[in-house]
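Comments concern the structure below.
One is the number of the first residue; the rest follow in order along the sequence. Since this is a predicted model, take the numbers as computed values, not measurements. What's counted below: heavy atoms across the whole structure, side chains too, no hydrogens, waters or symmetry copies.
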Amino acid sequence: MTRARKLRLLGEAEGHNRAQSLLEKPGDVVVDRRGVERALVMACPDGCGDVLTINLDRRSGKAWRLDRRHGNLTVYPSVWRDSGCRAHFIVWRDQILWCDWREGPDPADQDLANRVLGYLKENSGLFVHYEQVAEALDENPWDVAWACRVLTSSGKAIQKDFVLYCAGAQPSEGRLEWE
């Protein structure tokens with residue numbers, strides 16, 4: 001069983017069965033569009049042979065967000081199967097990032113990191129969820145999460161509870177140090 005590391009968008013189809021018939025190998029995806037984007041039909045990138053249907057239509061309940069910036073596909077939040085192969089992965093800029101592997105994309109966009117830092121400084125003293133930052137900056141949540149991690153690793157931001165960030169340096173004797 002070979003895991004896919006890159007997404008291959010094969011296009012759009014009308015109806016789940018038509019979309020599924022286009023899939024050839026792990027990581028292949030087709031957007032099921034019936035007037036609106038209804039689902040992302042995907043050959044499980046784990047290579048188990050299952051076909052995943054990722055709901056994109058909020059009218060049908062819990063829905064993932066599909067982002068097509070810069071010619072790349074991103075799906076938010078992560079996909080975590082609770083049956084079958086139990087794959088857990090992130091689709092980010094056409095890449096498949098496995099949540100059980102320690103990997104990341106190319107270094108964060110410095111302009112985005114600066115904008116994220118600016119937002120965190122505007123909210124000085126408050127820990128902010130990266131989704132809130134992404135929404136305020138009209139950016140992809142995975143891009144902002146990665147920029148937050150870059151800022152944290154460079155000592156420009158502090159991370160709390162894995163998803164919350166604020167501007168500043170690591171605490172010293174229980175106090176936060178601000179730039």
If I take atom NE2 from residue His129 and atom CG from residue Leu164, how far apart are they, to the nearest 0.5 angstrom? 6.0 Å
Phe89: what forms a ring-ring contact (aromatic ring centres under 6.0 Å, His included) with it, not counting sequence neighbours? Trp98
What is the minimum heavy-atom distance between Asp46 and Ala87, and which atoms define it? CB-CB, 4.0 Å
State, with a plain yes or no, whether a side-chain heavy atom of Gln110 is found less than 4.5 Å away from one of Val150. no
Once you round to the nearest 0.5 Å, how far does OG1 of Thr2 lie from NZ of Lys25? 11.0 Å
So OG1 of Thr152 and NZ of Lys160: to nearest 0.5 Å the spacing works out to 13.5 Å
Same apolar cluster: Trp80 and Leu7, side chain cutoff 4.5 Å: no
Set of salt bridge (Lys or Arg N to Asp or Glu O under 4.0 Å) partners for Arg69, sequence neighbours left out: Asp67, Asp138
Say whether, by atom type as modelled, one donor and one acceptor occur between the side chain of Asp32 and the main chain of Gly15 under 3.5 angstrom. yes
Just wondering, more than 12 heavy atoms not from Arg68 lying within 6.0 Å of its CZ? yes
Shortest non-hydrogen contact from Ala134 to Pro141? CB-CA, 3.7 Å
Measure from the side-chain N and O atoms of Asn114 to the backbone N and O of Asp111, and report whether any donor-acceptor pair falls under 3.5 Å. no
Pairwise distance CZ(Arg34) to CD(Glu12) - rounded to 0.5 angstrom: 12.5 Å
Taking only residues two or more places apart in sequence, or in another chain, which ones meet Glu14 in a salt bridge (Lys or Arg N to Asp or Glu O under 4.0 Å)? none
Shortest non-hydrogen separation from Val31 to Leu9 and the atoms involved: CG2-CD1, 4.2 Å
Criterion side-chain hydrogen bond (donor to acceptor under 3.5 Å, both in side chains) against Arg38, the qualifying member of Asp57, Asn55, Thr53: Asp57
Does atom CD (Glu135) have a neighbourhood of more than 12 heavy atoms from anything else shown, all under 6.0 Å? no
Could you tell me if the side chain of Leu52 sits less than 4.5 Å from the side chain of Pro45, heavy atoms only? yes
Over all heavy atoms of both residues, which pair between Leu151 and Ala113 is shortest? Give the atoms and the distance, please. CD1-O, 3.6 Å
For the NZ atom on Lys62, are there more than 12 heavy atoms of other groups (residues, nucleotides or ligands in this structure) within a distance under 6.0 Å? no
Derivation of the side chain to side chain contact (heavy atoms under 4.5 Å, CB included) call for Tyr165 and Ile158: CA-CA 5 Å; Tyr165 296 89; Ile158 302 167; over 6 Å; no
In this structure, would Val41 and Trp64 fall into the same cluster of hydrophobic residues linked by side-chain contacts under 4.5 Å? no
The single option from Val51, Val91, Leu23 that satisfies side chain to side chain contact (heavy atoms under 4.5 Å, CB included) with Met42 is Val91
Provide the closest heavy-atom pair for Cys48 versus Cys85 in the form atom of the first, atom of the second, distance. SG-SG, 3.7 Å
Is any side-chain heavy atom of Val29 closer than 4.5 Å to a side-chain heavy atom of Leu73? yes
Just so I know, are the side chains of Leu120 and Val133 near enough to count as touching, which here means a heavy-atom distance under 4.5 Å? yes
Check step by step if side chain to side chain contact (heavy atoms under 4.5 Å, CB included) holds for Arg93 and Asp143. CA-CA 9 Å; Arg93 296 182 182 178; Asp143 289 338; 2.9 Å; yes
Can you list the steps and then say if Asn140 with Val144 is a side chain to side chain contact (heavy atoms under 4.5 Å, CB included)? CA-CA 6 Å; Asn140 174 315; Val144 171; over 6 Å; no
Apply side chain to side chain contact (heavy atoms under 4.5 Å, CB included) to Val75 and Leu40, showing your working. CA-CA 9 Å; Val75 176; Leu40 193 65; 3.6 Å; yes
Spell out, yes or no, whether Trp146 and Phe127 are grouped together once hydrophobic residues are joined by side-chain heavy atoms under 4.5 Å, including indirect joins. yes
CD of Glu37 to CZ of Arg65: how many Å apart, nearest 0.5 Å? 13.0 Å
Considering only heavy atoms from C-beta outward, does the side chain of Cys148 approach that of Val116 to under 4.5 Å? yes
His88 versus Ser78, closest heavy-atom pair with distance: NE2-OG, 2.9 Å
Who pairs with Asn72 by side-chain hydrogen bond (donor to acceptor under 3.5 Å, both in side chains), at least two apart in sequence or on another chain? none
Counting C-beta onward and ignoring hydrogens, is there a side-chain heavy-atom pair between Gln132 and Tyr119 closer than 4.5 Å? yes
Spatial distance of atom CD (Gln20) from atom CG (Leu22) [nearest 0.5 Å]: 10.0 Å
Test of understanding: clusters of I, L, V, M, F, W, Y form through side-chain heavy atoms closer than 4.5 Å, transitively. Do Val30 and Ile54 belong to the same one? no
side-chain hydrogen bond (donor to acceptor under 3.5 Å, both in side chains) partners of Arg149, counting only residues at least two apart: none
Contact check, side chains of Arg81 and Cys44, non-hydrogen atoms, under 4.5 Å: yes
With sequence neighbours left out, what residues match Tyr76 under ring-ring contact (aromatic ring centres under 6.0 Å, His included)? Trp142
